[in-house]
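Comments concern the structure below.
Predicted model only: the values in this text are computed from it and were never measured.
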Amino acid sequence: MSKLDELALILKNISMLKKIQESEKFYLLVEKIMKSKKIFVFGVGRSGYVGRCFAMRLFHLGLNSYFVGETITPRYEKDDILILISGSGKTESVLTVAKKAKKVNNNIVAIVCECGSIAEFAELIIRLDVEKSDYLPMGTTFEQTAMIFLDLLIAEIMKKLNLNEEDVIRRHCNLL
């Protein structure tokens with residue numbers, strides 16, 4: 001596969017997001033996030049890094065967001081939401097977190113490429129039906145697409161909160 005073919009594949013995956021962004025699930029997720037007292041995000045490996053970026057962006061919007069497992073992460077409670085990111089939908093530690101959260105509430109969202117075992121725990125599943133690449137290693141196409149999808153969520157939440165970039169920058173750089 002040529003580099004140009006790979007670029008076309010990436011663009012195809014991104015164009016799939018337009019359908020998701022216009023779907024009921026997208027707006028349901030926006031509402032769930034905005035109504036939640038605290039937003040918890042979890043993923044492992046590179047999906048975890050995507051999740052950390054998302055949690056940080058939520059924080060910059062003024063929302064109470066946390067990445068599961070960090071030292072300052074509070075207790076998960078009934079008015080909270082858990083957003084899981086897992087390409088396979090069957091990563092063991094992600095399933096463990098989902099299982100524990102399910103005992104507290106049913107407000108669990110899974111962002112996946114393949115549903116896997118996570119389907120039994122998640123109330124809402126957002127499937128990013130990406131076409132995998134022979135050129136890019138492992139889950140790269142899922143992670144890239146997930147990052148863009150989550151940034152689209154951030155843009156929509158920003159709009160609903162009537163925030164502009166200056167508001168976000170103030171929260172981003174207020175320590176120095």
Let's go through Asn105 and Glu123 carefully: what are the C-alpha distance in whole Å and the side-chain angles of both, what is the deciding distance for side-chain contact (heavy atoms from CB on, under 4.5 Å) to 0.1 Å, and is it a yes or a no?
CA-CA 10 Å; Asn105 71 25; Glu123 176 190 33; over 6 Å; no
Distance-minimising heavy-atom pair for Ile85 and Val94
O-CG2, 4.4 Å
For Glu120 and Lys102, run salt bridge (Lys or Arg N to Asp or Glu O under 4.0 Å): C-alpha distance rounded to whole Å, both residues' side-chain angles, the deciding distance at 0.1 Å, then the answer.
CA-CA 10 Å; Glu120 66 186 82; Lys102 187 83 170 180; over 6 Å; no
Determine, using the 4.5 Å side-chain heavy-atom cutoff (strictly less than), whether Phe42 and Tyr49 are members of one ILVMFWY cluster.
no
Which atom pair, heavy atoms only, marks the closest approach of Ile118 to Leu84?
CD1-CD1, 3.7 Å
Answer yes if Leu150 and Val168 sit in the same cluster of Ile, Leu, Val, Met, Phe, Trp and Tyr residues linked by side chain heavy atoms under 4.5 Å apart, and no otherwise.
yes
Side chain to side chain contact (heavy atoms under 4.5 Å, CB included) test vs Phe40 passes for just one of Asn64, Ile81, Leu82, namely Leu82
After noting the C-alpha distance and the side-chain angles of Glu156 and Tyr27, does the key distance pass the side-chain contact (heavy atoms from CB on, under 4.5 Å) rule?
CA-CA 9 Å; Glu156 186 63 28; Tyr27 292 101; 3.6 Å; yes
Electrostatic pair Glu70:Arg52 at N-O distance under 4.0 angstrom:
yes
If you define the side chain from C-beta out and look only at heavy atoms, does anything of Val104 sit under 4.5 Å from Asp80?
no
Which atoms form the tightest heavy-atom contact between Ala98 and Ile108, and what is the distance?
O-CD1, 3.7 Å
Joint hydrophobic cluster, Val50 plus Met56, side-chain heavy atoms closer than 4.5 Å:
no
Quick one: are Leu153 and Leu58 in side-chain contact, heavy atoms under 4.5 Å?
no
Decide, yes or no, whether a salt bridge links Lys90 with Glu114 under the criterion of side-chain N to carboxylate O below 4.0 Å.
no
Kindly give the heavy-atom pair with the smallest separation between Phe67 and Ala55, and that separation in Å.
N-CB, 4.4 Å
Aromatic ring pairing Phe26/Phe149, orientation class (parallel under 30°, perpendicular over 60°, tilted between)
perpendicular
With a 3.5 Å distance limit and no angle check, can you tell me whether Ser65 reaches the backbone of Phe59 through a side-chain donor-acceptor pair?
yes
Heavy-atom nearest pair, Ile83 first then Ile111, reads CG2-CD1, 3.8 Å
Flag, side chain of Lys38 to backbone of Tyr76, donor-acceptor distance under 3.5 Å:
no
So which atom in Phe142 and which in Val112 form the shortest heavy-atom distance, rounded to 0.1 Å?
CE1-C, 3.5 Å
Do Met158 and Asp167 make a side-chain contact, defined as non-hydrogen atoms from C-beta onward lying under 4.5 Å apart?
no
